[in-house]
There are 2 protein chains.
Amino acid sequence: MNPNKDQTDPRVIRTRILIKEAFIELLTEMDIEKMSVSRIAERATISRVTFYLHYRDIPDMLEKMADEMIKEIEEALRGKPVNPDSREGADWLRLEKLLEHIAQHASFYKVTLASRKAPIFTERLLSMLTEIITERYDHVEKDSFTYKAGIQKDIAVWHRSSALIGTIVSWLRQDMPYTPHFLAKQFYLLTSRKQDTNF
Amino acid sequence: MNPNKDQTDPRVIRTRILIKEAFIELLTEMDIEKMSVSRIAERATISRVTFYLHYRDIPDMLEKMADEMIKEIEEALRGKPVNPDSREGADWLRLEKLLEHIAQHASFYKVTLASRKAPIFTERLLSMLTEIITERYDHVEKDSFTYKAGIQKDIAVWHRSSALIGTIVSWLRQDMPYTPHFLAKQFYLLTSRKQDTNF
DNA sequence: AGACTTATTTTACAGTGTGTAAGATAATGA
DNA sequence: TCATTATCTTACACACTGTAAAATAAGTCT
């Protein structure tokens with residue numbers, strides 16, 4: 001396949017959308033173990049052979065879909081780039097943006113992130129969040145609580161990034177009972193120590 | 001099979017150990033997608049038919065192994081039962097006990113928890129930890145920071161339990177660079193607000 | 001519009017794994 | 001020693017995989 005036409009040929013676009021939709025549908029209906037190229041092709045109303053023209057196998061498909069997901073999340077967060085000098089308020093807005101994006105595509109994220117059927121999606125998002133949190137840690141937390149309390153940077157990063165992704169997953173699993181704005185604010189309260197001075 | 005003899009017949013015990021060891025070995029070598037009953041039986045030096053005498057299929061095997069894991073963790077934590085009146089110090093000891101148990105069986109937990117190849121194990125442990133944290137929250141945190149700051153109980157529980165399991169997973173993934181004692185203490189510092197008064 | 005390029009389809013094939021059945025063998029326990 | 005039963009051997013029908021070749025259909029370009 002011509003790598004340039006890949007992204008523009010309407011037949012290719014159509015097929016990939018059909019595969020993605022079929023995959024999401026099937027994943028809501030069954031466990032990942034029962035997923036097969038045959039089933040996906042059948043549901044997508046394409047030939048099984050066509051699947052192999054796009055993906056080597058199912059793991060390859062998952063990987064490429066995860067790549068796409070990360071790209072879309074980065075796209076959604078654009079406009080509020082990672083700013084080393086930003087204060088917590090700015091990051092809180094970025095989290096709200098992330099949650100809004102997830103809420104807008106809830107049917108996709110509920111299956112890929114919240115179902116835990118295909119760990120690769122959660123893994124990718126965790127990596128991304130870990131990067132952001134690691135960067136942020138050096139720049140804006142030099143004088144924060146954790147810094148002073150003698151907490152190892154890597155442990156603090158593990159703690160924060162997993163708390164973040166875990167909270168998002170739980171929120172999705174329970175069908176988003178809070179608005180992105182409210183949850184982002186609560187998360188900010190839980191993570192930052194700013195509020196300590198109020199009590 | 002006689003359900004009573006199931007647990008005592010040395011042939012049964014031997015076979016299940018062989019299957020478990022073969023499974024762990026194979027999972028370190030390949031992705032879960034490539035796992036098959038044939039491979040497990042071959043590695044375990046048992047007949048493929050024998051596998052089906054113990055487990056319906058691979059998902060069934062994973063489920064039963066996860067049950068076993070939870071039992072063993074509960075066993076390891078016994079002696080320090082969930083005490084509603086316990087102060088943070090006691091819980092900190094329980095976390096240290098958990099980490100010690102995991103460290104002692106690192107080869108098993110590195111594959112089941114840290115590899116993220118079989119999400120069921122992480123899911124089960126998360127459920128267990130969520131239960132413990134939920135119970136604890138009502139009893140010992142009535143006057144804690146989160147309570148006063150107007151943070152929803154469920155959000156706080158999501159945050160804490162996912163931070164806990166995520167930290168454990170990251171610690172395992174990086175081959176446990178800290179002692180259980182040290183990590184438990186750091187986790188305690190990160191979660192509790194007691195230290196705030198020191199600064 | 002017509003000629004091209006190429007994505008998709010159809011059909012076919014060899015290979016691997018699944019889950020179950022029957023009877024033979026070997027280990028266990030009383 | 002003898003009855004029990006876990007394991008093994010062999011066999012079978014079925015499903016899914018990954019690839020190939022040639023035909024068809026859809027898109028692109030002048």
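Note on naming: letters A, B, ... go to the chains in the order of the sequence lines (proteins, then strands), and numbering restarts at 1 for each one.
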(request) Can you tell me the distance, in whole Å, between the CD1 atom of B:Ile13 and the P atom of C:dA27? (result) 17 Å
(message) Angle between ring planes, B:Tyr109 versus B:His105, binned at 30° and 60°: parallel, tilted or perpendicular?
(response) perpendicular
(request) Tell me which of B:Pro10 and A:Thr15 sits closer to the 5' end of DNA chain C, going by the nucleotide each one is nearest to. (result) A:Thr15
(request) Could you tell me whether the phosphate oxygens of C:dT9, OP1 or OP2, come under 4.0 Å of any side-chain nitrogen or oxygen in A:Thr50? (result) yes
(request) Check DNA chain D against residues 60-68 of chain A and give the residues with a non-hydrogen atom under 4.0 Å, in numerical order. (result) none
(request) Can you see which heavy atom on A:Ser161 is nearest to which on A:Val157, and at what distance? (result) OG-O, 2.6 Å
(request) Can you figure out which of D:dT9, C:dG29, D:dT7 approaches the side chain of B:Ser47 most closely? (result) D:dT9
(message) Take N1-N3 plus N6-O4 or O6-N4 for Watson-Crick, N1-O2 plus O6-N3 for G-U, both under 3.5 Å. Which runs of 3 or more such pairs involve DNA chain D?
(response) C:1-3 with D:28-30, C:5-30 with D:1-26
(message) Whether the side chain of A:Asp57 engages the backbone of A:Asp60 through a donor-acceptor N/O pair (distance < 3.5 Å, no angle test) should be reported.
(response) yes
(request) Using atom CZ of A:Arg14 as one end and atom P of D:dA25 as the other, report the distance to the nearest whole Å. (result) 14 Å
(message) So does A:Gln152 get a backbone contact from the side chain of B:Gln186, meaning a donor-acceptor N/O pair under 3.5 Å?
(response) yes
(message) Looking at B:Glu25, is its backbone amide N or carbonyl O close enough to the side chain of B:Arg43 to form a donor-acceptor pair, meaning the two atoms are under 3.5 Å apart?
(response) no
(request) Look at the aromatic rings of A:Phe187 and B:His159 and report parallel, tilted or perpendicular, splitting at 30° and 60°. (result) tilted
(request) For the pair B:Arg173 and A:Glu123, find out whether any cationic side-chain nitrogen is under 4.0 Å from an anionic carboxylate oxygen. (result) yes
(request) Using atom types as modelled and distance alone, determine if a side-chain donor or acceptor of B:Thr167 lies under 3.5 Å from a backbone N or O of B:Ala163. (result) yes
(request) Tell me whether the OP1 or OP2 atom of C:dA7 has a side-chain N or O from A:His54 closer than 4.0 Å. (result) no
(request) Measure from CG on A:Asp9 to P on D:dC29 and round the result to the nearest Å. (result) 10 Å
(request) Test the B:Lys185-B:Tyr178 pair against the cation-pi criterion, namely NZ or CZ under 6.0 angstrom from the six-membered ring centroid and within 45° of the ring axis. (result) no
(request) Nearest whole angstrom, please: distance from the P of C:dG19 to the CD1 of B:Ile40. (result) 11 Å
(request) Would you check if the side chain of B:Lys64 reaches a backbone N or O of B:Tyr55 as a donor-acceptor pair within less than 3.5 Å? (result) no
(message) Please encode protein proximity along nucleotides 12-22 of chain D as a string of B, S and -, counting only heavy-atom distances under 4.0 Å.
(response) ----SBBBB--
